[in-house]
Colleague: 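Structure below; questions to follow.
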Amino acid sequence: MHPITYFQSSMLGLLQGVSELFPVSSLGHTVILPKLVGWNIHQNASYFLSFLVALHLATALVLLAFFWKDWVRIIKGLGRSLRDREIGADPDAKLGWLLIVGTIPAGILGLTLQDYLRKLFASPEYASIFLALNGLVLFGAEMLRRRAPQTEGDDDTRIARTVGWWQTFTVGAAQAIALIPGFSRSGASIGGGLLVGLSHKDAARFAFLLATPIILAAAVLKLPQLAGSQGNGVRGPALVGALCAAVSAYLAVRFLMRYFETRTLTPFAVYCLCAGTAAAIYFAV
Amino acid sequence: MPYRKQLVALAVVLGIALVAIAVVYWVEPARSLPSFFPGHEAGSSHHHVKHGIAAVLVGLACFAFAWFNTGPKKRSA
């Protein structure tokens, strides 16, 4: 018998695809949901971590495919800047280096702290409290955000002009808060983007571009777990979960890119605050 | 030596050191790491692959900094 059933893997896949991109903490939901519905899944068991690798890989590949044309432009820009040994006024090169500078702190913090923080806080009780706090973070970002200047030009050019080196480093480092179940990576980076003066749409775009290499690298790095003995018994459910995660991630990113053209983080903040508080009370009584 | 050149030299030295540290992390088990390295653990045969990746990432960033700061200077109009 599989330690995770196909039904459970489908549900967790659908949830992961949506919650990884919505600013509501995928890790927090993956920790809280099984406990809420009474599934006997051990969050720190090696089979569950291997299962999560497949879901993350699927989400990252969907993000990569969705922004494929942007990535091609960015990589060409990076190549031009390396050849000319200057970034200059090339927006694609600037955006590429902004993403690299933002990825370095997130990558280093993730590599060094991930296992420690996950073991420390991977309980539904902690996750629900942190989910409520994530709501407050999103509220805070909305309250403190700078008004984005109305400028012409395409999305990537606007982002490259608005975001500075130190700002991208800070926004990248802020993503590391998502190592704590309940806090959202996209919430931290969209909130950070708003604080540095990006519009909601540009902040979401920047957050998704920034998230892609991190999620992809984390998944690829742990892929041997899934292929090795730790993946025994979960490869089938992991494949089904990954397919579900891919479908829901595609729908989520499409929805969010349209949603943030006109709307704000406030509904997600309300959801996190209410759901986190309700779950914390439920687990406490 | 001008301040900018000093920074570039420092970045190159730091980059080489970090790549070397990454290799040490990949090759040596935790018990054989120098005691001042994060991750040193007496008796452990675990290889700190992730620490090595982190070191190499920062090393590459140092090289990139040096690369851009040693490029041909633009003439001002």
Side-chain angles (χ1 to χ4, degrees), chain A residues 46 49 53 74-75 77-90 93-119 165-166 168-169 172-173 175-176 179 210 213-214 216-225 228 230, chain B residues 2-5 7-12 14-30 33-41 44-77:
Chain A
S46 56
L49 297 177
V53 169
I74 288 166
I75 288 167
L78 283 173
R80 280 195 301 274
S81 69
L82 283 171
R83 184 196 61 202
D84 301 338
R85 297 176 84 160
E86 68 165 1
I87 297 166
D90 185 339
K94 172 90 185 286
L95 183 57
W97 285 106
L98 285 174
L99 293 173
I100 289 174
V101 170
T103 300
I104 288 173
I108 290 171
L109 290 170
L111 285 167
T112 49
L113 297 178
Q114 184 180 32
D115 293 338
Y116 175 72
L117 289 177
R118 187 167 285 186
K119 276 177 193 159
W165 299 111
W166 181 244
T168 194
F169 185 86
Q175 287 189 98
L179 297 172
L210 203 52
I214 285 286
L216 192 61
V220 168
L221 204 61
K222 293 202 168 178
L223 208 54
Q225 271 187 18
Q230 293 180 347
Chain B
Y3 178 66
R4 197 175 191 83
K5 281 194 174 176
L7 268 182
V8 169
L10 185 68
V12 171
L14 206 58
I16 293 169
L18 284 163
V19 172
I21 288 169
V23 173
V24 172
Y25 269 123
W26 289 329
V27 172
E28 296 292 341
L33 292 172
S35 57
F36 57 87
F37 269 38
H40 168 80
E41 203 179 330
S44 169
S45 58
H46 178 69
H47 281 79
H48 285 293
V49 179
K50 290 178 183 176
H51 285 59
I53 295 172
V56 92
L57 279 177
V58 182
L60 288 176
C62 290
F63 287 136
F65 175 83
W67 179 256
F68 283 113
N69 279 284
T70 50
K73 287 200 173 70
K74 277 186 83 178
R75 278 185 207 160
S76 52

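Letters A, B, ... are given to chains in the order of the sequence lines, protein chains preceding strands, and every chain is numbered from 1. Everything numeric in this text was worked out from a predicted model, so none of it was measured. Quick note: numbers below take in every heavy atom, side chains included, and nothing from hydrogens, waters or symmetry partners.
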Colleague: Considering all heavy atoms of both residues, which atom of L82(A) and which atom of W67(B) are nearest to each other, and what is their separation?
Modeller: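 Of all heavy-atom pairs spanning L82(A) and W67(B), the closest is O-NE1, 2.9 Å.
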Colleague: For T103(A), is it the side chain, the backbone, both or neither that has a heavy atom under 4.5 Å from a heavy atom of chain B?
Modeller: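 Interface part for T103(A): neither.
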Colleague: Ignoring hydrogens, what is the shortest heavy-atom contact between I108(A) and V58(B)? Give both atom names and the distance.
Modeller: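 Closest approach of I108(A) to V58(B), heavy atoms only: CD1-CG2, 3.0 Å.
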Colleague: Heavy-atom distance under 4.5 Å to chain B: side chain of L109(A), backbone, both or neither?
Modeller: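 For L109(A), neither part sits under 4.5 Å from chain B.
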Colleague: For A64(B), which atoms come within 4.5 Å of any heavy atom of chain A: side chain, backbone, both, or neither?
Modeller: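 A64(B) touches chain A through side-chain heavy atoms alone.
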